[in-house]
Amino acid sequence: MADESQDIYYVQGIPVPETPLPGREPPAWKQTNVVGQRVPRVDAYERVSGSAVYPSDIHLPNMLYGAILRCPHAHARIRSVETVAASKMPGVRAVISGTTPEADRVWKKDAAGETRLFDPHCRFEGEAVAAVAAESPYQARDAINAIRVDYEVLPFVADERKALQAGSPVVHAKGNLSKTDTYERGDVAQGFAAADVVLDQSYRTECELHTPLEPHGCVANWEGRSLTVWESSQGVYAVQSKVAEVLKLPLARVRVIGHYMGGGFGSKLEAGKYTVIAALLAKQAARPVKLVLTREETFLAVGNRPPSNMTLKAGVKRDGALTALEFSCLGTGGAYPAGGTSLVDWLIRDLYTCPNVRTTCSDVFVHAGPARPFRAPGHPQGAWALEQMMDALAEAIGMDPVQLRLKNIPVFSQAREGNPAYTSTGFKECLEQGAAAFGWEKARRETGANAAQGPLRRGVGMAGGLWVAGGGRPPSTVIVKLFSDGSVNLNMGASDLGTGTKSVMAMVVAEELGVRPDAIQIENADTGTTQYATPSGGSKTVPTEAPAVRNAAVQVKQKLLEMAAEALKADLSELAYQGREIVSRRDSSQRIAVKDLDALKRQGVVVGVGYRGPNPKNKVVNPFAAQFCEVEVNTRTGELKILRFVAAHDSGRVMNRLTYDNQVFGGITMGIGLAMTEVRILDAGQTGKMVNRSWHDYKLPTALDVPADMLSIPIDPGDAEANNTGAKGLGEPVTIPTAAAIANAVYHATGLRITQTPIHPLQLVQRLAERRKEG
Ligand code: MOS
């Protein structure tokens, strides 16, 4: 074993940023030395070797396995649940249902009414009805099958387009209209009258499922009156508060740990019923319970990107100036919406300069699984409409699609009260540098329906986007500890979704303290031992947490400088922290190694506590994007191949170029799924049940669907206002323009405007055949 106790923590010869005087926060970095580099993940070994412990890997002594019985009907009322036979099955240690006194709990109260943990009124296929804990997962499943439920099967509505029709079955007592949001500025009628060209088009995106690699689930364990939950979660504090609320426990007695997790994409932002169910089973059995959902359950019950039915009418002048946008959307949050059903119209409101805009978005209830936020909620749907419309408008006025967008770039947020300016917008650079790297103009000339001969048609398309958020939402607290030997510990509550959060935060500490990122010990995502953080989501983890991490590291430096001033009997203002040593700027023979500071030895550890302040007042922090792609369509088979992608993103400062590019390539892959392969199919006519609830029948894009030729072009506008790191967030922006860019490329290749996802071969051959018939 290598001797790790030497001062190998320090990076030689790399300057560290200047330290502000105590009590002051550091200004935005001008230049960085560690941040921005391609740094492998600090936990890469654990991840690839399999030694990283995910919640689904947790194995406790005496642990039982839980399983949930779920309603097989889209809509039913439970007359009775008979669990006696199940409780006598081999290995069964606990059975609970809505009639178990301890399990008879309110799950949620909102505008639609009150829902119970085991609700006798099942409003979607997959609603929890009862649960079992047994010695083995198989015994638990067998016992589930032995529970007898008497259902009164009720009529259902599973198609949101039918939910408001007269006589439609009703989901909640208040009726099937969940809400209608409207937005208006200017006068769209005047705008259309002033336009040279007006186009009107309907669009639809299908329901997409999150399908994280690690299914949702947890292990629950009671020690006396205290509960510990290991949960695959985006936010341990969010799980803690929901579990405490439903079980009526003090927060301090609910500990939630989520050191690793295998993907969430928005579907693991909050606790699921399974978490509370596992805790109740563990309580009844007085043993730990592991409850990990099956893949099928994750398809039914824990979230989706809901379908969107959109219309967009747009007016433009010959010179490319937009005069009016009118948008409507009919969407659904399923039976129990939770966030993420709005924002479909955000790009229409705010992406391009346009004086006259009106949007109307209605959400209806249907008897189907609940929607959850899904990687850039609403935005890819809105982009599917707006960015195809921009493509069509450009053609109609004979302008290049990139030029049309450049003509309408916003400098402030038009849709927000008071029209606040953006702290930075690199949208122009995204469009220009992306187009240059792609070879846009040449590719546009040399491919396309007019340039093509034979059955293989190539085309290029592009789309732009912005993401509505950019970090903030304080408070966020982080602790950095420097021990007497100079080694460092970083303590933060945020989860690392697999995006590389831990690595980026270690780089921030490394930047300030001059230590190696992999020499920093990280404790995270544990409500028992780490500091408060909101869930990792909204692409805000880096822009929210990194400034707090930086503030904590800077505080450590300030305290070390104070110790050195005392030791060297020097004035604080003349000393410079250099990593291993603290040196006088006046007299370089005046220096002391951090390890030799007596005060540090006495104290044992220096603690820096960093907070995240609010985002700047009256300013908006938003990331921007432009993506370009080339496709090939086989007009005989309808096969669509993506040949290459160029993604130019203004997400502010690049924190780690490796994890940055990971997000770009992964986000495009997810966008390809929305565009080409993914659709939840409900048997809306006969049963309301989902028919493709497996990874075999629900088609995720595979390596063969994703181009090997993907280029990530970071645009860093040097944002000194957003926060003290200049990062604006990347995970979600990437997924926004992708599907629309593909549709635009398909149009360029074939002349077919595909307005409905997914663009699969069946749809393409049908459309091509129709066109041949029309001659
Ligand atoms: Mo995201 S949809 O906020 O995890």
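We number each residue from 1, following the sequence as shown. Order of listing sets the numbers, starting from 1, for every ligand and every atom in it.
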Just to check, does K268 reach to within less than 4.0 Å of ligand 1 when the distance is taken from its heavy atoms? no

P373 heavy atoms, cut-off 4.0 Å: which ligand 1 atoms fall inside? 2 (S)

Should the pair E270-R372 be classified as a salt bridge under the 4.0 Å nitrogen-to-oxygen rule? yes

If we number the atoms of ligand 1 from 1 as shown, the ones under 4.0 Å from a heavy atom of F374 are 2 (S)

Ligand-side contact atoms (ligand 1) for residue partner F265, heavy atom cut-off under 4.0 Å: 2 (S), 4 (O)

Any N/O of G266 closer than 3.5 Å to an N/O of ligand 1? yes

Does the ring center of H367 lie less than 6.0 Å from the ring center of F124? no

Closer than 4.0 angstrom, basic N to acidic O: yes or no for E127 and R70? no

With respect to R375, determine whether any N or O atom, backbone or side chain, lies less than 3.5 Å from an N or O atom of ligand 1. no

Show which atoms of ligand 1 fall inside a sub-4.0 Å distance from at least one heavy-atom site of G537. 1 (Mo), 3 (O), 4 (O)

Does Y260 have K502 sitting over its ring (NZ/CZ under 6.0 Å from centre, angle to axis within 45°)? yes

Do T735 side-chain atoms and G667 backbone N/O form a donor-acceptor pair below 3.5 Å? yes

Look at ligand 1 and say whether G538 reaches it with a heavy atom at a distance under 4.0 Å. yes

Could you check atom 4 (O) of ligand 1 against the protein and tell me its nearest heavy-atom contact, residue, atom and distance included? Q234 NE2, 2.8 Å

Cation-pi geometry met for K540 and W467 (6.0 Å, 45°): no

R123 and Y336: side-chain hydrogen bond (donor to acceptor under 3.5 Å, both in side chains), yes or no, with the steps? CA-CA 9 Å; R123 295 179 174 92; Y336 296 103; 2.8 Å; yes

Which heavy atom of the protein is the closest neighbour of atom 1 (Mo) of ligand 1, given with residue, atom name and distance? E732 OE2, 3.2 Å

